[in-house]
Structures are given as structure tokens and as C-alpha cells.
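Here's the structure we're looking at; comments come further down.
Computation of the quantities below employed the complete heavy-atom set of this structure, encompassing side-chain atoms and omitting hydrogens, waters and symmetry-equivalent molecules. Bear in mind the structure is a predicted one, so any value in this text is a computation, not a measurement.
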Amino acid sequence: MAEWGARLLLSISCITVLSSATVARHADKASGPRQFTPFWFSVEPVDTLAVRSSPVFLNCSAHSEPPARVEWKKDGTFLNLASDDRRQLLPDGSLLIPSVVHSKHSKPDEGFYQCVATIDSLGTIISRAARLTVAGFQSQLASYSLKPPQTEAQVA
């Protein structure tokens with residue numbers, strides 16, 4: 001039993017010496033131990049019901065230092081927002097669609113959206129998937145008149 005205890009103590013001593021040597025080697029190179037960097041979503045997109053031809057915001061904000069680069073995915077594919085005339089990346093990382101497109105045969109804005117935040121030296125975080133559903137009834141409402149009904153008793 002004493003022999004087993006001595007081997008354990010020797011093993012622990014060797015690990016401590018090796019660890020100390022590794023830390024000293026890294027300190028000599030001025031790299032030092034890596035510090036914890038907070039990096040998380042302070043706001044994630046949520047499921048949203050939008051009205052056709054109206055604006056919609058999908059909110060996203062990543063908390064980090066240095067600031068993260070934010071991109072968006074729709075249905076698992078990165079959006080090319082630099083060349084997209086219909087969608088805009090806002091300074092806080094949110095996505096703006098100024099006029100939602102939706103028709104019987106074309107539903108380019110409807111789908112699942114994810115916010116992707118990246119810090120090159122640290123890594124990438126991906127938000128929850130938020131579903132954008134489009135209700136196409138605004139044009140139907142506009143066709144109805146809200147004028148009061150005409151009656152014979154009205155005075156001119």
C-alpha cells in the first residue's frame with residue numbers, strides 16, 4: 001500500500017513539474033494563459049408574424065469585446081446582405097425587411113432565420129431559429145371601404 005502511495009505522489013509531482021514547465025514556456029513567449037472573453041446573444045430573433053408589404057424587424061444583438069461580425073441565415077443558407085436590395089443588416093445586428101414579399105406563387109421572405117455572430121480569434125455562435133410567417137391579408141382589408149352607409153334620411 002505504501003508503494004502505491006509513493007507512486008501516486010511521484011506521478012502527481014511529475015505532472016506538476018511538467019505543467020509548471022509548460023506554463024513557464026508560454027510565459028516566456030508572452031502568450032500567457034488565455035483570458036475568458038464573454039460572448040453571447042443579448043437579444044435573439046423570435047418567431048414573427050408579418051403582414052405582406054409591411055416592414056419587419058428580426059432582432060439580434062451579440063454581446064462581446066471585441067465586437068462580433070453579424071450575418072444572417074435563412075433556411076440554413078447565408079444571406080448575401082451586401083447585394084440584397086430587399087433586406088438590410090442594421091448596426092445592432094438586427095435584420096430589416098422594409099417590405100415583406102408574399103404571393104400565391106412566391107414566398108421569398110417566409111422561412112426560418114438565424115443570426116450568426118463571429119469573432120475571428122474566438123469563434124462563432126448561432127442563435128435559435130426564428131420562424132417568419134407572412135399573413136397576406138392587408139391588400140384584402142384595403143379593398144373594403146370604411147365609409148358610413150348612405151341612408152335616405154341624411155341632410156345635404
So, does Glu110 use its side chain to make a donor-acceptor pair with the main chain of Val134 at under 3.5 Å? yes
Check the pair Val43 / Asp92 against side chain to side chain contact (heavy atoms under 4.5 Å, CB included), numbers first and verdict last. CA-CA 10 Å; Val43 177; Asp92 70 347; over 6 Å; no
Can you check whether Thr48 reaches Tyr113 side chain to side chain, under 4.5 Å on heavy atoms? no
Interatomic distance, Trp72 atom CH2 to Cys60 atom SG [nearest 0.5 angstrom]: 5.0 Å
Are Val46 and Trp40 linked, directly or through other ILVMFWY residues, by side chains that come within less than 4.5 angstrom of each other? no
Hey, does Leu96 have a side-chain heavy atom less than 4.5 Å from the side chain of Pro98? yes
Would you say the side chain of Asn59 lies within less than 4.5 Å of the side chain of Ser94, judging by non-hydrogen atoms? yes
Donor-acceptor pair, Arg86 side chain versus Ile97 backbone, under 3.5 Å? no
Under 4.5 Å between side-chain heavy atoms, counting indirect links through other Ile/Leu/Val/Met/Phe/Trp/Tyr residues: same cluster for Leu122 and Phe41 or not? yes
Gap separating the CG atom of Leu95 from the NZ atom of Lys74, nearest 0.5 angstrom: 11.0 Å
Could you go through the side chain to side chain contact (heavy atoms under 4.5 Å, CB included) check for Cys115 and Val70 one step at a time? CA-CA 7 Å; Cys115 180; Val70 175; 3.6 Å; yes
Flag side-chain contact, heavy atom, 4.5 Å: Asp47 against Arg128: yes
Closest approach of Ser64 to Phe39 (non-hydrogen atoms, all atoms of both residues): CB-CD1, 3.4 Å
Under the side chain to side chain contact (heavy atoms under 4.5 Å, CB included) rule, what do Leu79 and Leu89 come out as? Steps first, then yes or no, please. CA-CA 10 Å; Leu79 295 172; Leu89 179 65; over 6 Å; no
Measuring from atom CG of Leu58 to atom CD of Gln114, what distance do you get when rounded to the nearest 0.5 angstrom? 12.0 Å
Under the side chain to side chain contact (heavy atoms under 4.5 Å, CB included) rule, what do Asp120 and Arg69 come out as? Steps first, then yes or no, please. CA-CA 9 Å; Asp120 290 331; Arg69 180 180 72 249; 3.3 Å; yes
Are any non-hydrogen side-chain atoms of Ile119 and Ser121 less than 4.5 angstrom apart? yes
Here the gap from Glu71 atom CD to Asn80 atom CG, rounded to the nearest 0.5 Å, amounts to 9.5 Å
Kindly say whether Ser42 contributes a backbone atom to a donor-acceptor pair with the side chain of Ser61 at under 3.5 angstrom? no
Would Arg52 and Asp109 satisfy salt bridge (charged side-chain N to carboxylate O under 4.0 Å, His left out), going step by step from the backbone distance to the final call? CA-CA 10 Å; Arg52 183 174 62 191; Asp109 293 328; over 6 Å; no
Any sub-3.5 Å donor-acceptor pair from Asp75's side-chain atoms to Phe112's backbone N or O? yes
